[in-house]
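Presented below is the structure to which this report refers.
Within every chain, numbering begins at 1; the chains are lettered A, B, ... in the order of the sequence lines, protein sequences first and strands thereafter.
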Protein chains: 2
Amino acid sequence: MQRNTVQRQIIIDTLKNSNYHPNIEEIYTEIHKMHPSISKATIYRNLRQLTGSGAIRRVSLPDGLERYDGIATPHHHFRCKSCGSVLDVDLEYSEAINDIVRQKHGFQVDEHDIVFMGLCNKCIKQQHSRS
Amino acid sequence: MQRNTVQRQIIIDTLKNSNYHPNIEEIYTEIHKMHPSISKATIYRNLRQLTGSGAIRRVSLPDGLERYDGIATPHHHFRCKSCGSVLDVDLEYSEAINDIVRQKHGFQVDEHDIVFMGLCNKCIKQQHSRS
DNA sequence: ATTTATGCAAATCATTTGCACATAG
DNA sequence: CTATGTGCAAATGATTTGCATAAAT
């Protein structure tokens, strides 16, 4: 049975309080400030475990480390090609699209993730001011 | 200027002839059968280069190695949670959804990837026969 | 009391890189 | 000829694991 350790709770809290989808390195750095005794191995083990149990979500994107998301409900992401930041997208999660794929291919479709790519607002502004 | 080497062509051909999105290990193994002198470093370098130039695509999925796709035009994927295979999804690529996100957030949205997850036909059958 | 989790360090696995040589243009 | 690419082996970086100890139930 899974236990409720101090370390695990700190990891969960850190993730819930972060809204920019940190990778393991960033999570470790953040936690290390207040709790320098928590090891990276523990963070790795817990992130894997929590992802498996559905308590948190992993966000896989081209390039870069895996990122983690404290929001467990499905939602979509935007990744800025310039600064690399990953933002939540306010777009209704469509069950209907799962059905379309199921009907076309016969697969059992449980979920889907969408990753949008382009330039974020900050980088658009910077590009304009540079010209 | 980029050159046209024998090795690069073999890597491209191998990818075009594969329709199941191999990872680097699988690409290497396949190439190694016929061309044992081609090194893994060369495959790494070329996959990176070809992805950068848009000649091939990288498919990033949770868990597992990066996969590569010889089809350069955007399309979506399905990943079987049971056997791990990655299949192309026959679903029209929608530019409209990019616009929706652009209008809502202000981002410049160039493209998006959708990954569906569930059980593939083979694994659905196996599940039934096991019961 | 027993099982699960932690911290550390070492091991493993994937990927990149330095370098001497080869080859495409 | 010269710039780019290759193969090899070594280096790097991320992640996992073995083990003794600690903590949760």
Side-chain angles (χ1 to χ4, degrees), chain A residues 1-16 18 20-69 79 84 86, chain B residues 1-16 18 20-69 79 84 86:
Chain A
M1 192 51 205
Q2 171 176 329
R3 288 177 187 178
N4 220 338
T5 63
V6 184
Q7 291 88 339
R8 182 165 301 149
Q9 197 51 55
I10 289 170
I11 293 166
I12 294 171
D13 291 347
T14 303
L15 223 43
K16 300 276 182 211
S18 168
Y20 78 109
H21 312 84
N23 60 35
I24 297 146
E25 202 55 35
E26 294 163 336
I27 296 167
Y28 174 74
T29 304
E30 180 62 26
I31 289 176
H32 194 77
K33 287 180 198 161
M34 299 298 293
H35 311 277
S37 65
I38 296 182
S39 77
K40 215 178 255 190
T42 294
I43 297 181
Y44 270 104
R45 277 187 284 235
N46 276 293
L47 288 176
R48 186 151 37 112
Q49 215 237 45
L50 293 166
T51 304
S53 73
I56 63 171
R57 309 198 119 229
R58 183 163 29 192
V59 185
S60 293
L61 300 163
D63 305 313
L65 302 182
E66 299 280 349
R67 290 162 173 275
Y68 292 86
D69 191 331
R79 145 82 170 277
V86 175
Chain B
M1 192 50 205
Q2 171 177 329
R3 287 175 187 180
N4 219 339
T5 64
V6 184
Q7 290 89 337
R8 181 165 300 152
Q9 197 52 55
I10 289 170
I11 293 166
I12 294 171
D13 291 346
T14 303
L15 222 44
K16 300 277 182 210
S18 167
Y20 78 109
H21 313 85
N23 60 33
I24 298 146
E25 202 55 37
E26 295 164 334
I27 296 168
Y28 174 74
T29 304
E30 180 62 27
I31 289 177
H32 195 77
K33 288 181 199 163
M34 299 299 293
H35 311 277
S37 65
I38 296 182
S39 76
K40 214 177 256 191
T42 293
I43 297 181
Y44 270 102
R45 277 187 283 237
N46 276 292
L47 288 176
R48 185 150 39 111
Q49 214 237 44
L50 293 166
T51 304
S53 73
I56 63 172
R57 305 199 121 227
R58 183 165 27 192
V59 185
S60 293
L61 301 165
D63 307 311
L65 302 182
E66 298 279 349
R67 291 163 173 273
Y68 292 87
D69 191 332
R79 145 82 172 279
V86 176

Figure out the CD1/C1' separation between B:Ile43 and D:dG5, and round it to whole Å. 14 Å
Protein-nucleotide distance (B:Glu66, atom CD; D:dT15, atom P), rounded to Å: 12 Å
Measure from CZ on B:Arg45 to C1' on D:dT4 and round the result to the nearest Å. 11 Å
Could you pick out which residue, B:Arg48 or B:Val6, lies toward the 5' side of DNA chain C when each is mapped onto its nearest nucleotide? B:Arg48
Whole angstroms only, please: what is the NZ-C1' distance between B:Lys40 and D:dG5? 20 Å
Which whole-number value in Å describes the distance from A:Gln9 CD to C:dT6 C1'? 16 Å
Tell me whether B:Gln9 contacts the main-chain N or O of B:Val6 through its side chain, where contact means a donor paired with an acceptor under 3.5 Å. no
Figure out the CD/C1' separation between A:Gln7 and D:dA23, and round it to whole Å. 9 Å
Of the options D:dA14, D:dG7, D:dT17, whose atoms approach the side-chain atoms of B:Ser39 most closely? D:dG7
Any donor-acceptor pair under 3.5 Å linking the side chain of B:Arg67 with the backbone of B:Val59? no
Whole-Å distance between D:dT15 P and A:Asn46 CG? 15 Å
Please give, in whole Å, the distance from C:dA24 P to B:Ile10 CD1? 12 Å
Is a side-chain donor or acceptor of A:Arg8 paired with a backbone partner of A:Arg3 at a separation under 3.5 angstrom? yes
Identify, between B:Ala41 and B:Glu25, the residue whose nearest nucleotide on DNA chain C lies closer to the 5' end. B:Glu25
If only side-chain N and O atoms of A:Thr5 are considered, is one of them under 4.0 Å from the OP1 or OP2 phosphate oxygen of C:dT4? no
Look at B:Arg8 and D:dG5 and indicate whether a side-chain polar atom (N or O) is within less than 4.0 Å of OP1 or OP2. yes
When you get a sec, tell me which of D:dG5, C:dG7, C:dA24 is the closest nucleotide to the side chain of B:Gln2? D:dG5
So, does B:Gln49 get its side chain near the phosphate of D:dT4, meaning an N or O under 4.0 Å from OP1 or OP2? no
Of all heavy-atom pairs between B:Ser60 and B:Glu66, which one has the smallest distance, and what is that distance? OG-OE1, 2.7 Å
With respect to the phosphate group of D:dT15, does any side-chain polar atom (N or O) of A:Tyr44 fall under 4.0 Å of OP1 or OP2? yes
Side-chain donor or acceptor of A:Glu26 paired with backbone N/O of A:Asn23 under 3.5 Å: yes
Go through the N and O atoms of the side chain of B:Arg3 and the base of D:dA3, and report whether any donor-acceptor pair is under 3.5 Å. yes
